[in-house]
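So the structure is just underneath, and the comments pick up after that.
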Number of protein chains: 2
Amino acid sequence: MLTSPPHTRPGCARSVCEHTPAVTRHSRTRLRNLCGYPKRVTFPVVGMVGGGQLARMTHEAGIPLGIQFKLLSDTPQDSAAQVVSEVVLGDYRDLDTLRDFARGCDVITFDHEHVPAEHLATLEADGVVVRPGRAALAHAQDKGVMRAKLDEIGAPSPRHRIVADPADAVAFAAEGAGEGGGDGFPIILKTVRGGYDGKGVWFVRSEEDAHDAFKAGVAVLAEEKVDFARELAANIVRSPHGQAVAYPVVESRQVDGVCDTVIAPAPELSDELAGQAQELALRIAKELDVVGHLAVELFETRDGRILVNELAMRPHNSGHWTQDGAITSQFANHVRAVLDLPLGDPRPRAKWTVMCNVLGGDYPDMYQGYLHCMARDPQLKIHMYGKDVKPGRKVGHVNTYGDDLDEVLERARHAADYLRGTIVE
Amino acid sequence: MLTSPPHTRPGCARSVCEHTPAVTRHSRTRLRNLCGYPKRVTFPVVGMVGGGQLARMTHEAGIPLGIQFKLLSDTPQDSAAQVVSEVVLGDYRDLDTLRDFARGCDVITFDHEHVPAEHLATLEADGVVVRPGRAALAHAQDKGVMRAKLDEIGAPSPRHRIVADPADAVAFAAEGAGEGGGDGFPIILKTVRGGYDGKGVWFVRSEEDAHDAFKAGVAVLAEEKVDFARELAANIVRSPHGQAVAYPVVESRQVDGVCDTVIAPAPELSDELAGQAQELALRIAKELDVVGHLAVELFETRDGRILVNELAMRPHNSGHWTQDGAITSQFANHVRAVLDLPLGDPRPRAKWTVMCNVLGGDYPDMYQGYLHCMARDPQLKIHMYGKDVKPGRKVGHVNTYGDDLDEVLERARHAADYLRGTIVE
Ligand SMILES: Nc1ncnc2c1ncn2[C@@H]1O[C@H](COP(=O)(O)OP(=O)(O)OP(=O)(O)O)[C@@H](O)[C@H]1O
Ligand SMILES: Nc1ncnc2c1ncn2[C@@H]1O[C@H](COP(=O)(O)OP(=O)(O)OP(=O)(O)O)[C@@H](O)[C@H]1O
Ligand SMILES: [Mg+2]
Ligand SMILES: [Mg+2]
């Protein structure tokens with residue numbers, strides 16, 4: 001239990017602080033009397049809902065912080081459940097399970113966005129500390145809610161609106177046809193909820209193409225198809241008292257809708273646009289009262305503007321490079337933020353860091369590839385998730401860093417491809 | 001279970017390899033037939049005996065490697081038991097407990113040197129893979145055995161011999177009195193077994209002083225009191241197939257016999273002496289057939305020689321800096337070595353890295369100090385062990401790194417002192 005709550009407001013690490021930092025002098029004498037000697041004063045307990053790789057890596061980052069970690073996981077085979085000591089098996093969609101789990105945790109945080117909003121509301125009403133909170137999370141859970149809020153605060157989005165049926169999608173496309181006429185296709189359709197790794201996103205060229213998006217019975221958001229130059233991500237971490245740190249803006253490359261490669265920092269990004277992207281992410285975090293890690297997925301347009309694609313309020317694939325490439329990783333800073341601890345320095349430790357995801361190939365044994373990669377590149381940083389290999393499934397990632405971007409990219413690419421089984425030397 | 005044993009011999013990462021590297025082409029086709037698709041091929045299971053902070057940090061390093069970790073620990077409150085999913089509670093001095101524990105582990109390794117040698121012999125006879133093995137570990141378990149072996153292989157030690165009683169210690173001192181005469185005191189007495197953190201080491205000026213060392217009923221080793229300029233440590237990691245990597249030689253400062261500060265690399269150490277120390281450590285590892293991390297604690301004499309103080313065959317306090325200061329940490333390389341995986345690059349990531357131990361002070365609550373240190377220094381790397389605070393007990397350490405040694409030292413020193421409660425700003 002958090003017997004020593006972080007009630008003081010420590011000074012800012014760097015970057016942004018919305019408040020004037022208060023004096024950090026701690027009243028040790030007072031505490032001494034309260035606690036009595038030699039009573040043990042334990043460190044806080046973080047409850048993590050969801051047993052995926054994000055939870056696994058957050059636990060890893062919490063170990064040196066001395067943080068107690070409690071996991072709510074579906075099965076004991078889940079990625080995080082394999083490495084955490086205190087695992088509660090249960091369904092995050094069940095309110096009683098969540099309530100039981102929350103007891104004995106100082107704060108609840110998440111591996112994914114799928115906990116029902118009404119359950120989050122109940123937990124908050126119960127007095128459970130939920131970070132990020134229900135109100136903020138709503139924007140990561142529902143792309144319609146997110147677009148509405150971004151419009152409200154004047155953050156740039158692709159042209160968009162909720163569409164009722166395929167005919168309405170045709171109308172939406174036509175609205176964007178512009179001077180030149182035509183039907184306005186292609187457009188993008190997305191279910192507002194339940195999508196991940198490109199599932200729930202359709203590239204639509206005609207009324208026929210539009211039907212699939214409506215099959216799930218979830219509201220459908222139509223967006224202009226942005227002819228982007230590339231995708232970026234602006235990652236920041238914000239704590240309840242308003243301290244925030246911004247990581248360098250990264251380039252994120254998707255293949256078949258799945259994150260494939262991340263380059264930190266984004267090559268040849270102007271300082272101006274990088275600054276704009278960081279400012280935007282910090283502003284969104286503040287306006288939406290996000291606590292913890294916020295990833296703002298962005299499109300960089302060919303005419304040098306940025307548009308928000310979507311928001312994730314948890315550690316994010318575009319931040320995995322920070323484990324080996326930044327002074328403080330996104331995972332460590334997420335833990336620090338949800339506990340309202342002072343945040344760690346987000347600056348890079350290398351000129352270039354590259355992350356490549358390792359996807360399952362159609363070869364189930366990664367162990368031989370793993371040996372090969374370690375032998376070939378003693379500087380390679382491998383991160384395996386302990387998951388069964390299934391084709392296309394994210395089962396790990398690799399990080400490389402160094403001064404020469406081409407070389408750093410090649411090393412990461414080779415390792416990821418070799419582990420997947422795409423190349424056999 | 002290790003269904004894909006590392007039976008190939010991957011090429012050398014760097015540094016030393018005692019064998020000609022074999023061809024690393026992996027027979028994927030053959031394996032595919034053996035395993036059948038889509039059978040899961042899991043990664044190996046490392047069994048760690050002992051639940052202290054070394055086990056805790058080894059688990060942390062094993063998570064990204066995808067390694068399954070199994071712990072034999074005394075209590076569920078042990079430092080490592082708090083963070084590992086598979087914990088067996090039991091006594092490492094009990095053979096049946098060890099045998100049960102070893103079942104289902106691909107390799108057994110250690111948090112400490114205290115497992116009885118006869119039990120290690122039985123496990124090895126059972127076919128359990130024990131790394132480092134019994135024969136190597138004998139030299140870390142018994143300082144008498146270690147000195148005899150170092151003499152045999154011509155490694156430099158302080159003058160020494162086993163002494164039978166206080167009168168014999170007086171005789172040992174006199175033997176070293178030299179030309180000038182005198183009684184030859186002071187000398188050092190050490191119990192050959194069971195010492196740690198300076199416990200079991202006596203600074204002896206007279207026959208009276210010598211009595212305490214004999215009280216435990218353990219054989220006593222007498223050593224000349226070396227008038228050292230400073231203490232160094234040469235840390236290397238060696239794998240069963242003979243690959244080895246050497247970390248930079250560090251300076252290690254003891255206070256009251258306990259490691260206090262480690263500076264990597266050792267300031268103003270000549271390349272020649274550094275090379276000698278690394279060569280010596282690699283040679284000792286080979287001659288003693290050490291597998292895993294080997295710390296060789298050294299004295300640097302005022303006339304520029306090095307003498308071996310003692311050996312530790314496990315991750316060691318003098319290597320904690322590698323967590324934040326080297327490309328591959330001692331913990332990750334220890335795991336890689338005991339599994340005969342290719343080793344990771346041991347080179348430093350910063351010009352200077354400093355580690356200071358955090359000892360328990362007489363103030364039990366570290367949480368306020370922890371907040372202060374994070375707020376004061378966003379680059380500080382804190383490593384807490386989850387242990388109850390007791391005066392003088394190692395409860396954590398901090399790492400700092402950077403280009404300016406004075407600044408890096410000051411930051412680590414301040415944080416360690418503040419956490420201990422020595423300073424309250
Ligand atoms: N309006 C758009 N214009 C062009 N491409 C788009 C648009 N929206 C999405 N995409 C493409 O589809 C990818 C996936 O979209 P989005 O991020 O919304 O889906 P998701 O399933 O939530 O993905 P994840 O959660 O894995 O990031 C984007 O990274 C981008 O490559
Ligand atoms: N022969 C010696 N001459 C001078 N100082 C010595 C000698 N032997 C030991 N010391 C001092 O005592 C300290 C502890 O000795 P040693 O390393 O043998 O003990 P230990 O209890 O096994 O310590 P640990 O296991 O914590 O390293 C040394 O680091 C050194 O400072
Ligand atoms: Mg996305
Ligand atoms: Mg010692």
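The structure displayed is predicted, hence computed values, not measured ones.
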Under 30°, 30 to 60°, or over 60°: which ring-plane class applies to A:Phe43 and B:Tyr367, parallel, tilted or perpendicular? perpendicular

Under 4.5 Å to a heavy atom of chain B? For A:Tyr401 that would be side chain

Side chains of B:Pro342 and A:Leu371, heavy atoms from C-beta outward: is any pair under 4.5 Å? yes

As an exercise: rank B:Arg336, B:Gln53, B:Met384 by heavy-atom pairs under 4.5 Å with chain A and give me the winner. B:Met384

Verify, without hydrogens or angle tests, whether A:Lys381 (side chain) and B:Pro64 (backbone) share a donor-acceptor contact under 3.5 angstrom. no

Does any heavy atom of chain A fall under 4.5 Å from the side chain of B:His59, the backbone, both, or neither of them? side chain

Not counting sequence neighbours, which residues clear salt bridge (charged side-chain N to carboxylate O under 4.0 Å, His left out) with B:Glu86? List them please. none

Region of A:Arg349 in contact with chain B, defined by heavy-atom distances below 4.5 Å: both

Residues two or more places apart in sequence or in another chain: which of them pass salt bridge (charged side-chain N to carboxylate O under 4.0 Å, His left out) with A:Asp417? A:Arg413

One option among B:Val87, B:Leu71, B:Asp324, B:Asp377 has the most heavy-atom pairs under 4.5 Å with chain A, and it is B:Asp324

Answer yes or no: is there a donor N or O on one side and an acceptor on the other, between the side chain of A:Ser85 and the main chain of B:Gln82, under 3.5 Å? yes

For a quick test of reading the model, state the closest non-hydrogen atom pair linking B:Arg347 to A:Gln379 and the distance between them. NH2-NE2, 3.0 Å

Could you check which of A:Glu60, A:His383, A:Met57 has the highest count of heavy-atom pairs closer than 4.5 Å to chain B? A:Glu60

Nearest-0.5 Å distance, CG of residue B:Leu341 to OH of residue A:Tyr370: 5.0 Å

Identify the heavy atoms of B:Thr328 and A:Pro378 that sit nearest to each other, and give their distance. OG1-O, 3.9 Å

Residue selection (most heavy-atom pairs with chain B, distance under 4.5 Å) from A:Ile67, A:Val84, A:Leu380, A:Ile382: A:Val84

Looking only at heavy atoms, the pair that brings A:Ile63 and B:Arg56 closest together is O-NH2, 2.9 Å

Cut-off 4.5 Å, heavy atoms of chain B, and the answer for A:Ala81 is backbone

